[in-house]
Colleague: 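After the structure tokens below, expect a handful of questions from me.
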There are 2 protein chains.
Amino acid sequence: MPISSLADHIERYIKALLDQSEQPSLEIRRVELAKLFECVPSQINYVLKTRFNSQRGYIVESRRGGGGYIRIFRLEPGHRQDLYAWIYETVGERLELEEAEALLVRLVDQDYLGRDEAMLVWALLRQEAQKIDKAYIERAVAVLLRSMLLLLLHGD
Amino acid sequence: MPISSLADHIERYIKALLDQSEQPSLEIRRVELAKLFECVPSQINYVLKTRFNSQRGYIVESRRGGGGYIRIFRLEPGHRQDLYAWIYETVGERLELEEAEALLVRLVDQDYLGRDEAMLVWALLRQEAQKIDKAYIERAVAVLLRSMLLLLLHGD
DNA sequence: GACTTCTTGGTCAGGGAAGGTCAAAACAGC
DNA sequence: GCTGTTTTGACCTTCCCTGACCAAGAAGTC
């Protein structure tokens, strides 16, 4: 691997912008960034996909058409990126309710989550799971728990 | 500094007028607005159709001919006590992504939700929805949005 | 009252301006 | 050479904006 590929440069540039920004999110225009680094626009997508995915603690949202943009959220400013990777790994694509409960307990034990927050997540999870077709419960639990955790952990 | 199209500017202008106004409604003349923003009159219709539809909590009424006008009603937010019931009702069992976005915009407009929070929920929603089997997207969106909203609004 | 004209607003299709996807080529490190 | 990563380009989707044409109400004319 080269010390610094073009993708690495773009990654550093975006992270610097995020550092400067007061807000938790940043808006860029794909064409402009591409022009700045003298590359094709789709290179930006590659960087976003490999460096700014949710496993690494980022969420990317975009809009096409005139006035389009790409918005990047940094879930946790600074450190502890591994927490997000861990959540993605642990939750996975399917999760039983019992596993979800165990996971919540663990997060509370390790002080990533308050007890009240965990209870609320648990209550919501159970309530929604009740209404879901058996065949999809495990998938739904995974998606639900992951989203709620990302939402909660981001404020700390 | 959000990236803004002309439609976004017109939207903000109209909303500012509504905010200033004592009444929940506002009367405009299509030509005048168009002149103000140096665009074609039909651009105003585009803004009304995409930003001030009933999904987003607005009702538009108009009249042609001499002395014609366009009147925009902003539906007042329900009482805070009703918020949960309202969310359950509005989200329902299935929800299209488009409807979810409209609901989020509305909650921000009516100050139930911060702009940053709403953008994050939206980003998470889109991201998770992408990975879900088409046949279940609308059910999943409903469940996800409801959970995230209840999680965020809890405590207000 | 019927006709005409003027004054508004409405609709819709098409071009343009973003961003997305995917597969193949190029490249770097063993 | 083999493998995994990067880079590119062709093609696609979504959203914005305009202009030509349509519809309706008001006011004047006979």
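We use all heavy atoms of the structure for the numbers below, so side chains are in, but hydrogens, waters and symmetry mates are not. Reminder, nothing fancy here: chain letters follow the sequence lines and each chain counts from 1. All values reported here derive from a predicted model rather than from experimental measurement.
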Colleague: Return the value, rounded to whole Å, for the distance between atom CD of E61(B) and atom P of dG10(C).
Modeller: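 After rounding, the gap between these two atoms is 11 Å.
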Colleague: Counting primed atoms plus P, OP1 and OP2 as sugar-phosphate and everything else as base, spell out the protein contacts along nucleotides 24-30 of chain D at 4.0 Å heavy-atom distance: B, S or - for each nucleotide, 5' to 3'.
Modeller: BBS----
Colleague: What nucleotide, of dG9(D), dG19(C), dT8(C), holds the atom closest to the side chain of S62(A)?
Modeller: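 The nucleotide sitting nearest to the side chain is dG19(C).
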Colleague: Between dT18(D), dT7(D), dT21(C), which one does the side chain of Q43(A) approach most closely?
Modeller: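 Of all the options, the side chain of Q43(A) is nearest to dT7(D).
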Colleague: Which whole-number value in Å describes the distance from Q130(B) CD to dC22(C) C1'?
Modeller: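 Checked: the CD to C1' distance equals 14 Å.
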Colleague: Establish, with yes or no, whether the OP1 or OP2 oxygen of dT6(D) is under 4.0 angstrom from a side-chain nitrogen or oxygen of R51(A).
Modeller: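 So the side-chain polar atoms of R51(A) do come within 4.0 Å of the phosphate oxygens OP1 or OP2 of dT6(D), strictly under.
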Colleague: To the nearest Å, how far apart are N45(B) CG and dC12(C) C1'?
Modeller: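 Interatomic distance, CG of N45(B) to C1' of dC12(C): 11 Å.
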Colleague: R71(A) near the nucleic acid: base, sugar-phosphate alone, or nothing, with a heavy-atom cut-off under 4.0 Å?
Modeller: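 Answer is nothing: R71(A) stays at 4.0 Å or more from every strand.
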Colleague: Can you figure out which of dT21(C), dT8(C), dT6(D) approaches the side chain of Y46(A) most closely?
Modeller: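 Nearest to the side-chain atoms of Y46(A), counting from C-beta on, is dT6(D).
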Colleague: Roughly, in whole Å, what's the span from NZ in K35(A) to C1' in dG19(C)?
Modeller: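 That distance rounds to 14 Å.
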Colleague: So, do K15(A) and R74(A) sit near enough that their side-chain heavy atoms are less than 4.5 Å apart?
Modeller: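 K15(A) reaches R74(A) side chain to side chain.
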Colleague: Is there side-chain contact between V108(B) and L104(B), with at least one heavy-atom pair below 4.5 Å?
Modeller: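 No, their side chains stay 4.5 Å or more apart.
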Colleague: Could you go through Y13(A) and F37(A), starting from their C-alpha distance and side-chain angles, then the distance that decides it, and tell me whether this counts as ring-ring contact (aromatic ring centres under 6.0 Å, His included)?
Modeller: CA-CA 10 Å; Y13(A) 179 77; F37(A) 285 95; 5.5 Å; yes
Colleague: Is the ring pair F52(A)/Y58(A) parallel, tilted or perpendicular, if the boundaries are 30 and 60 degrees?
Modeller: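 The arrangement is perpendicular - the two ring planes meet at more than 60°.
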Colleague: Could you state the atom-to-atom distance from OH of Y69(A) to P of dG20(C) in whole Å?
Modeller: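 So the OH-P distance, Y69(A) to dG20(C), works out to 11 Å.
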Colleague: Any N or O donor-acceptor pair linking the side chain of S42(B) to the base of dG19(D) at under 3.5 Å?
Modeller: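 Between dG19(D) and S42(B), which were checked side chain against base, a qualifying N/O pair under 3.5 Å is present.
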Colleague: Classify E38(A) by what it touches in the nucleic acid, base, sugar-phosphate, or nothing, heavy-atom distance under 4.0 Å.
Modeller: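 Contact class for E38(A): none.
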Colleague: Whole Å only: how far is the CD1 atom of I28(A) from the P atom of dA18(C)?
Modeller: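 The answer, rounded to whole Å, is 14 Å.
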Colleague: Salt-bridged, R56(B) to E99(B), with N to O below 4.0 Å?
Modeller: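 Here R56(B) does not pair with E99(B) in a salt bridge, since their nearest N and O are not under 4.0 Å apart.
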Colleague: Determine whether any donor atom in the side chain of R30(A) lies under 3.5 Å from an acceptor atom in the base of dG20(C), or the reverse, and answer yes or no.
Modeller: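 By the distance-only test, yes, there is a pair.
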Colleague: Any base atoms under 4.0 Å from L6(A), or only sugar-phosphate, or nothing? Heavy atoms, all strands.
Modeller: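 Sugar-phosphate, backbone atoms only, no base.
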Colleague: With a 4.5 Å heavy-atom cut-off, do Q130(B) and R126(B) have their side chains touching?
Modeller: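 Answer no - side chains too far apart.
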Colleague: Side-chain contact test, heavy atoms from C-beta onward, threshold under 4.5 Å: evaluate it for Y69(A) versus R71(A) and give yes or no.
Modeller: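 Yes; the side chains approach each other to less than 4.5 Å.
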Colleague: The side chain of C39(B) lies closest to which of these nucleotides: dT5(D), dG20(C), dT18(D)?
Modeller: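 Side chain of C39(B) sits closest to dT18(D).
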Colleague: Between dT18(D), dG20(C), dG9(C), which nucleotide gets closest to the side-chain atoms of I70(A)?
Modeller: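 Selected nucleotide: dG20(C).
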Colleague: In whole Å, I'd like the distance from the CZ atom of F52(A) to the P atom of dG19(C).
Modeller: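 Between P of dG19(C) and CZ of F52(A): 16 Å.
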Colleague: Any non-hydrogen side-chain atom of D8(B) less than 4.5 Å from a side-chain atom of I3(B)?
Modeller: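 A side-chain contact is absent here, since even the closest heavy-atom pair is not under 4.5 Å.
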Colleague: Would you kindly give the CG-to-P distance between N53(A) and dG20(C), to the nearest whole Å?
Modeller: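 Those two atoms, CG and P, are 15 Å apart.
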